[in-house]
Amino acid sequence: MATTASEYGNELSKVPIQHQFNPYSDNGGTILGIAGEDFAVLAGDTRHTTDYSINSRYEPKVFECEDNILISANGFAADGEALVKRFKNSQMWYHFNHNKKLTIKSAARNIQHLLYGKRMFPYYVHTIIAGLDEEGKGAVYSFDPVGSYEREQCRAGGSAASLIMPFLDNQVNLKNQYEPDSNGTKRKEVKYLGVEEVIKLVRDAFTSATERHINVGDGLEILIVTKDGVRKEYFDLKRD
Amino acid sequence: MNHDPFAWGRPSDEHYGAYNHAIAQASNNPKMNTQNPIITGTSVISIKYNNGVIVAADNLGAYGSLLRFTNEERLIKVGPNTVVGVSGDISDMQYIQHLLDEMEIENNYDSAYADNEEQLKPSFVFEYLSSVMYQRRSKLDPLWNAIIVGGTEDGKPFLRYVNLLGVTYSSPTLATGFGAHLALPLLRKLVDTEKDVEKVNLDVAKKAILEAMKILYYRDARSSRKFSLAIIDNELGLNIEKDLQVENMSWEFAKDIRGYGTQKV
């Protein structure tokens, strides 16, 4: 009997393996969310790739939704767009049905269901949302492709996540940083960062990721949520 | 245990004998969809200029490496200011052409009364096509194409790409297939960013496209000399130039190439 390629491929050596249409691809790019005391940012580079080709130098992937919620789903771009579209639609129906603001907490739970609903044919994306919680504090939620999620102070996603995340651990949560005179016994106290400081960190993270990762570059778009609404900032990155 | 996933959850043959597929009229194999393209069209290339866009594609339908059909029109006009350029499987292209025809007919009924209020714009056509492409990939039954939609919308040039996976993107220059490797670098020399679009006029853009078509004919084995070129301009409207030929080729270098032919080096 013919079978598809599976984990047990080696045990089925006598059976010809069928090569199937691969419904996924990797479109590169990387994203980063950081929560401050009364603001949150969600940033992403604007390069869009497949394999070694640069498809576009400016294809934004961080989106602003209603109720000052930012969302980005990075990985397989078609799934990313489909997820964002579905979330926006879901939020629209929430407004029709309940006539009230969608909190970031509820948005996160809703996205978990959108992702887990396709558990057997997943959206191949790393999703991050950012906004303000009910107390007005900055909030960042991050998801795996099938909907496991967690609220965090900061999170990097996508191609260069593994390059940026340790930098964030060190600079935002001050991991492995000790008071100079304590001889490595007293940890440096963690405090909230200001918007300017955070934007500096984000820019440094992306310029460094651009140096070391081929699928990151061209441009950096940072969306910033405060109580006054959403603001956008754009910076050029190296295009090589 | 039999590790073949297709054997899971079935009565074991030792106890019940081989399963009789005729009972459920079930096939022994899973349902099969398009697994690869048959007749193919090669690259579509395109560029934005200060007053519109240009899209070009040759007229060849190749059957593997056989240059089978030499008169395939791969630029489809939709509505008053949209052109859809299709590469990849030709039969899937013809199905897409059918979908677009139906859409245009339905839209004409609406527009007849609404004073062209609801006339098809390139972004509408693109949204429809990208939805179809993503839905079909999600059924694991893809339309095996890479498509470029070009046109003018509210006085601005529009250009966007979608492929068999439903992946979409925009850029001031776009190309599918081989063109993305050979032609794009040439076109990007002219317009690298959205800002550069303003600096390029129709003549310059057209010259660059013709040059790119020539390079593709030189190096793409599945390309033909004959091609079509669509210009969608804010003032001049939509024009598809057919039966164009790659001109001014220089095969001067060929006489100096040694070692592949019959010459004795």
Side-chain angles (χ1 to χ4, degrees), chain A residues 1-29 46-61 75-86 118 120-125 218-219 234 236 239-240, chain B residues 1-8 10 13 18-19 21 27-30 32-37 127 130-131 133-144 146 159-181 184-185 188 191-195:
Chain A
M1 191 205 293
T3 186
T4 48
S6 75
E7 292 292 302
Y8 308 106
N10 56 332
E11 296 172 40
L12 297 163
S13 53
K14 274 169 265 163
V15 185
I17 290 174
Q18 282 188 23
H19 286 274
Q20 243 209 340
F21 165 65
N22 177 191
Y24 295 114
S25 73
D26 179 5
N27 300 110
T46 62
R47 176 175 289 184
H48 189 293
T49 63
T50 38
D51 301 331
Y52 292 124
S53 296
I54 297 172
N55 300 325
S56 175
R57 297 193 190 278
Y58 185 71
E59 186 63 36
K61 59 173 159 286
F76 173 42
D79 277 350
E81 285 203 15
L83 181 72
V84 171
K85 214 175 199 175
R86 280 235 276 155
K118 271 175 66 68
M120 299 306 161
F121 185 17
Y123 286 122
Y124 231 75
V125 286
D218 293 329
Y234 175 85
D236 280 327
R239 296 154 72 84
D240 58 0
Chain B
M1 177 184 169
N2 182 358
H3 287 297
D4 183 347
F6 281 89
W8 295 353
R10 304 211 171 192
D13 290 356
Y19 180 71
H21 288 276
S27 121
N28 205 20
N29 296 306
M32 299 266 282
N33 296 315
T34 308
Q35 305 288 322
N36 47 49
E127 193 65 24
S130 62
S131 304
M133 296 302 274
Y134 184 71
Q135 281 170 237
R136 287 292 293 264
R137 90 95 215 188
S138 297
K139 289 184 356 189
L140 298 185
D141 185 13
L143 294 171
W144 216 285
L159 208 52
R160 202 161 164 81
Y161 167 102
V162 60
N163 66 10
L164 72 166
L165 293 171
V167 169
T168 61
Y169 49 83
S170 286
S171 177
T173 56
L174 282 179
T176 71
F178 214 8
H181 298 102
L184 263 197
R188 278 183 187 166
V191 274
D192 197 24
T193 64
E194 204 65 46
K195 279 179 207 145

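Values reported hereafter were calculated over all heavy atoms of this structure, with side chains retained and with hydrogens, waters and symmetry mates removed. Just so it is clear: chains get the letters A, B, ... in the order the sequence lines come, proteins before strands, and each one is counted from 1.
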Largest heavy-atom contact set with chain A, pairs under 4.5 Å, which of B/Pro172, B/Ser131, B/Gly166, B/Pro142: B/Pro142
Atom of B/Leu165, atom of A/Phe76 and distance for their closest heavy-atom approach: O-CZ, 3.7 Å
A/Asn55 vs B/Ser171 side-chain heavy atoms within contact, under 4.5 Å: no
Contact origin within B/Tyr169 toward chain A - heavy atom pairs under 4.5 Å: both
A/Ala78 to B/Val167 - nearest heavy-atom pair and separation: CB-N, 3.8 Å
Minimum-distance pair of heavy atoms, taken over all atoms of B/Thr168 and A/Glu81: OG1-OE2, 3.4 Å
Heavy-atom contact with chain B under 4.5 Å, split by part of A/Asn27: side chain
Part of A/Tyr58 within contact of chain B (heavy atom distance under 4.5 Å): backbone
Best-contacting candidate, B/Asn163, B/Thr193, B/Asp192, against chain A by heavy atom pairs under 4.5 angstrom: B/Asp192
Contact origin within B/Arg188 toward chain A - heavy atom pairs under 4.5 Å: side chain
Atom of A/Phe121, atom of B/Ser138 and distance for their closest heavy-atom approach: CE2-O, 3.3 Å
Residues A/Glu59 and B/Arg160 bridged, charged N to O under 4.0 Å: yes
A/Asp51, CG atom: more than 12 neighbouring heavy atoms under 6.0 Å: no
Residue pair A/Ser53, B/His181: steps toward the side chain to side chain contact (heavy atoms under 4.5 Å, CB included) verdict: CA-CA 8 Å; A/Ser53 296; B/His181 298 102; 3.4 Å; yes
Contact winner vs chain B - A/Thr50, A/Asp79, A/Asp218, A/Ile54, heavy-atom pairs under 4.5 Å: A/Asp79
